[in-house]
Amino acid sequence: MAITASTSHVPRGPVTTRLNFSHPPPPGVTAVNYVDKPPEGEPQRNLTVDPQEVTIADIRGREAEYGLDRDAFQIITGVPASKEESASASGFTDDASIAANYYPEVEQLLLDAIPGSNRVFIFDHTIRRADPNASRKAVLQVHVDQTPYSAEKRVQRHLGDDADALLRGRYRIVNVWRTLNKNPVEANPLAFASSSSVQQKDIIPVEHRYPHGYVGQTAAIAYNPTQRWHYLSGMTGSERLLLECFDSEALKEGSGVAGGRVPHTAFEDPRTRPDAEGRESIEVRALVFGP
């Protein structure tokens with residue numbers, strides 16, 4: 001999307017702010033999150049929030065220093081405008097139009113960006129709006145979108161007869177994130193922690209319960225001062241953030257893949273102008289296979 005305003009007011013550089021981590025549940029209690037309205041008498045989420053002050057480094061100008069195998073995130077720059085932004089499309093307002101126009105672009109981007117990848121299956125997307133009444137808004141809670149359990153379950157659910165063979169090779173789940181704002185992001189930017197700085201004890205599996213009965217699994221994150229947090233200031237529509245939620249190679253000792261899961265969250269930057277444009281975004285989640 002074209003950038004039409006000055007970027008001098010966009011917050012840049014390191015920032016110290018509050019991130020919302022989670023306390024682990026008591027022994028024997030399963031952590032649960034309901035995607036929509038929970039059953040009567042049950043909370044939306046049964047984890048207790050643990051707010052912590054964290055310093056977040058700005059990687060603007062150092063984007064190429066980070067990659068999926070070590071950090072589980074990667075920045076792609078210089079992406080052309082999407083067909084979904086053209087006059088004949090919906091401008092990211094219609095799911096069928098997004099699938100027809102944007103999904104093929106995401107698939108090709110992943111094949112080009114991830115060496116050795118040979119197959120991509122996109123299984124969903126989420127649009128987050130700034131409207132206070134929007135059904136999906138920026139998430140101010142540190143989390144990982146998938147776990148090893150849910151990644152395998154996704155392959156079995158979506159790939160049918162090919163699933164067993166694909167599970168014997170390398171498979172990943174990657175979230176492709178982009179802003180939908182016309183101007184660089186100011187409000188509620190996205191923070192992400194290098195996977196190599198996250199310990200397994202920091203990961204809290206959470207049952208992710210959908211209204212149609214499907215039960216997946218995400219992960220909440222416990223605070224650990226060893227975690228290294230980053231953001232990319234002033235993200236624009238020509239940039240993509242790859243967030244790796246799972247990589248099967250990370251389960252193999254000596255593979256060189258450091259965790260393969262990236263905790264992330266929107267955050268409130270105290271330097272943001274009170275009248276800054278609210279952040280809007282789309283994230284597309286894909287299974288990526290190979291090599």
For this session: Go through Asp58 and Ser233 one step at a time and tell me if the side chain to side chain donor-acceptor pair (under 3.5 Å) criterion holds.
Result: CA-CA 6 Å; Asp58 185 2; Ser233 63; 2.8 Å; yes
Exercise. Between Arg128 and Thr126, does a side chain to side chain donor-acceptor pair (under 3.5 Å) hold up when you go through it step by step?
Worked result: CA-CA 6 Å; Arg128 303 192 187 278; Thr126 299; 4.7 Å; no
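A salt bridge is absent between Arg178 and Glu239; no separation between the charged side-chain nitrogens and carboxylate oxygens falls under 4.0 Å. Ion pairing between a basic and an acidic side chain is recognised when a charged N comes within 4.0 Å of a carboxylate O; Asp124 and Arg157 show no such pairing.
His125 and Asp95 form a side-chain donor-acceptor contact under 3.5 Å, judged by distance and modelled atom types alone. In summary, the side chains of Asp202 and Gln200 do not present any donor paired with an acceptor at a separation below 3.5 Å, with no hydrogens or angles considered. The closest side-chain donor-acceptor pair between Asp112 and Gln108 falls under 3.5 angstrom.
For Lys252, the NZ atom is densely surrounded, since the number of other residues' heavy atoms within 6.0 Å is greater than 12. For Arg18, the CZ atom counts as loosely surrounded, since its 6.0 Å shell holds 12 or fewer non-hydrogen atoms of other residues, nucleotides or ligands.
Under the 30°/60° scheme for interplanar angles, the aromatic rings of His208 and Tyr210 are found to stand perpendicular. Ring-plane geometry between Phe246 and Tyr171 is classed as tilted, the angle between the planes lying from 30 to 60 degrees on a 0 to 90 degree scale.
Here ring-ring contact (aromatic ring centres under 6.0 Å, His included) pairs that include residues 41-89, with residues two or more places apart or in two chains, are Tyr66-Phe73, Tyr66-His230, Phe73-Phe192, Phe73-His230.
Ring to ring, Phe121 and Phe289 are not that close: their centroids are 6.0 angstrom or more apart.
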